[in-house]
Amino acid sequence: MPDIGSTSPELLIELDRSRARGLRAQVEDGVRAGIRSGRLPAGTRLPSSRALAADLEVTRGVVVEAYEQLAAEGYVTSTPGSGTRVNDVTPATGNGGVPATRSPQAALRVDFRTGLPDLGLFPRAAWARATRAALAVMPDAELGYAGPAGLPRLRAALAGYLGRVRGVACTPEQVVVCNGFGHGFSLVLRALVDAGRGEVAVEVPGYTEPRDQVRWAGGTVHAVPVDDQGLRVHALAATPARAVVVTPAHQSPTGVVLSAARRSELADWARTVDGYVVEDDYDAEFRYDRHPVGALQGVLPDRVIYHGTLSKSMAPGLRLGWLVVPPALLDAVLAARQATDAMTASLLQAAFAEFLERGDLDRHLRRSRRVYRRRRDALVAALDRALPGARVEGVAAGLQAFVTLPAGWDAAEVAAAAEQAGVGVYTLADPEADPALRASSLILGYGTLRPDQIEDGITRLGALGPAVRRPGRRGPA
Ligand SMILES: Cc1ncc(COP(=O)(O)O)c(C=O)c1O
């Protein structure tokens, strides 16, 4: 069983060891800024000095002194036995970062929503440094119309990064910078439709956006089932599709890895039908206790259109992603990029190139992986304790778990009853998924929740038993 012994809350503080300002002052600044902006509201328990020191790789004395200073300034109160908590201080300016309107989810105590990383982990200081450095050296010409494929510096940095981290085989010329998967796929789809490949297969259950796009583009969607080895390639071969969208490293939403046998069947299929595989590599960066699964593109570079995005690894609001396009489709994809708003914001591209080259993405991923792994462990342990009849899958990677409910529980009823109890849990979003699967499974996103919140939410979910379980009813097989 994973170690969930520590309930010390997590706190993101960015330390810059190259700065003259000392580490203690930087810890103080980080906590103070969090409190003043409203990110650390009154009552928030801060990590113990021992836990925070271990997290930041500083001595415990650094954190103890920082907490003492913050206590002297009235920002926090330390009580022996119950730790250090944030005091009620009025934000210094404006609305202090506190949202003006409450989101519909605000009523939920614990929300296992999916699709978002923890935006509080965004490495603001490192990003700001990268932006400043990039701006200082950026040629004026790059502030103009800098070309549809992206800045050469970023394309080169991405080709190197993808080769090193994902096993992607490409030249910088094959990299096309775009505004995330949704945008990149629209460009690719245009090229596929123009090449007579408007019949597109998708995974079911699966991410619904690509199929919506195929329909908007006037193409035809073919649903192909997924089992415990991933996409069923024999079922794909029975359709007239000559393009397929897959999530091989971590199937969305089941979390299954496309097996080696299926990978080779898929490669055979693509060669036989002269088809293309659209690889959506949306969250491969977060893998916890299994070997990395290399990108399919690395073994089938002429047939795979690879998509990567910063939406899970950093923040969807950046709207930054990339394609690796086989040479035969490159001109068509670039023509689509040129025709639809010409390019991705060049300052953003330059900042990300700098961020990559400095190793800041690797650092950010290493750090957030540790945080998410603790949250994943807390979820698995809490489910094991509070819902012993449930089966949890897809948790070796990513930011969400695929949970098969205990026999007799109905997913829609669970979601409704959980909402009443202040807990947001979600049924399969895919309307084309098998109804029995939809009735028996939940998707729980854990990326934005602290371990103590996860524990609280799952305890409440477990307590729903009598409300959602009808005597004598059997669960779906
Ligand atoms: C399966 C899948 N692919 C891709 C994305 C990312 O999309 P984008 O890069 O357009 O934000 C998501 C986001 O939720 C996703 O769930």
Side-chain angles (χ1 to χ4, degrees), residues 111-119 122 150 158 162 166 175-190 200-214 216-217 221 223-224 226 230-231 244-258 277-287 293 295-297 304-324 333 336-337 340-341 344-345 348-349 352 361 372 393-395 397-402 426-433 442-448:
D111 192 358
F112 290 94
R113 65 177 293 185
T114 61
L116 271 186
D118 187 338
L119 303 173
F122 188 83
L158 277 170
L162 294 173
R166 301 295 303 125
V175 177
V176 177
V177 179
C178 60
N179 305 347
F181 171 83
H183 176 235
F185 183 64
S186 71
L187 306 175
V188 168
L189 188 56
R190 181 62 200 253
V200 181
V202 298
E203 298 170 321
V204 172
Y207 184 44
T208 52
E209 186 187 305
R211 67 186 87 152
D212 292 341
Q213 284 212 40
V214 172
W216 285 331
V221 172
V224 176
V226 168
L231 184 86
V244 60
V245 186
V246 280
T247 46
H250 189 233
Q251 204 273 331
S252 175
T254 63
V256 167
V257 178
L258 190 68
V277 178
V278 174
E279 176 170 27
D280 176 7
D281 204 27
Y282 65 109
D283 73 352
E285 296 87 351
F286 297 126
R287 117 196 86 70
V293 182
L296 191 62
Q297 194 275 355
V304 173
I305 306 138
Y306 176 91
H307 289 61
T309 177
L310 288 184
S311 290
K312 307 287 174 182
S313 53
M314 303 257 307
L318 286 174
R319 301 318 300 142
L320 198 55
W322 46 88
L323 305 170
V324 175
V333 169
R337 185 65 184 104
T340 53
D341 196 30
T344 293
L348 182 67
Q349 294 190 55
F352 181 50
L361 183 62
Y372 291 135
E393 288 162 296
V395 286
L399 302 174
Q400 63 190 39
F402 186 80
Y426 299 91
T427 55
L428 278 186
D430 184 347
E432 288 162 69
L442 290 179
I443 311 293
L444 302 184
Y446 55 82
T448 60

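All values derive from a computational prediction rather than experimental measurement. Atoms within a ligand are numbered from 1 in the order they appear, just like the ligands themselves. By convention here, the first residue in the shown sequence is residue 1.
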Does any N/O atom on His183 come nearer than 3.5 Å to any N/O atom on ligand 1?
-> no

In the protein, what heavy atom is nearest to atom 5 (C) of ligand 1, and what distance, to one decimal place, separates them?
-> Tyr207 OH, 3.8 Å

To the nearest 0.5 Å, atom CD of Glu285 lies from atom CG of Leu361 at 7.0 Å

Just by distance, do the side chain of Tyr282 and the backbone of His250 share a donor-acceptor pair under 3.5 Å?
-> yes

Atom 3 (N) of ligand 1: the protein heavy-atom neighbour that sits closest, reported with distance to 0.1 Å | Asp280 OD2, 2.6 Å

Flag Pro316 as yes when one of its N or O atoms lies below 3.5 Å from any N or O atom of ligand 1, and as no otherwise.
-> no

Purely on distance, is any nitrogen or oxygen of Tyr282 under 3.5 Å from one on ligand 1?
-> no

Is any N or O atom of Ser311, backbone or side chain, closer than 3.5 Å to an N or O atom of ligand 1?
-> yes

Going by the 4.0 angstrom heavy-atom rule, the piece of Arg319 near ligand 1 is side chain

Per the side-chain contact (heavy atoms from CB on, under 4.5 Å) rule, which among Ile305, Val245, Asp280 passes with Phe185?
-> Val245

Does the pair Glu203 and Val246 meet the rule for a side-chain contact (heavy atoms from CB on, under 4.5 Å), with working shown?
-> CA-CA 6 Å; Glu203 298 170 321; Val246 280; 3.7 Å; yes

Student check: side-chain heavy atoms of Leu231 and Pro248 closer than 4.5 Å = no

For Gly180, counting its heavy atoms only, list the atoms of ligand 1 lying under 4.0 Å from any of them.
-> 9 (O), 10 (O)

Can you label the angle between the Phe181 ring and the His307 ring as parallel, tilted or perpendicular, going by 30° and 60°?
-> tilted

Side chain, backbone, both or neither: which part of Phe181 comes within less than 4.0 Å of ligand 1 when only heavy atoms are counted?
-> both

Check ligand 1 against Ser252 and write out every atom of the ligand that is under 4.0 Å from a heavy-atom position of the residue.
-> 1 (C)

For Thr344 and Arg319, does a side-chain donor sit closer than 3.5 Å to a side-chain acceptor?
-> no

Main-chain N/O of Gly394 paired with Gln400 side-chain donor or acceptor, under 3.5 Å = no

Within a distance under 4.0 Å of any heavy atom of Gly182, pick out the atoms of ligand 1 and give their elements.
-> 10 (O)

Which bit of Lys312 is near ligand 1, meaning a heavy atom under 4.0 Å away: side chain, backbone, both or neither?
-> side chain

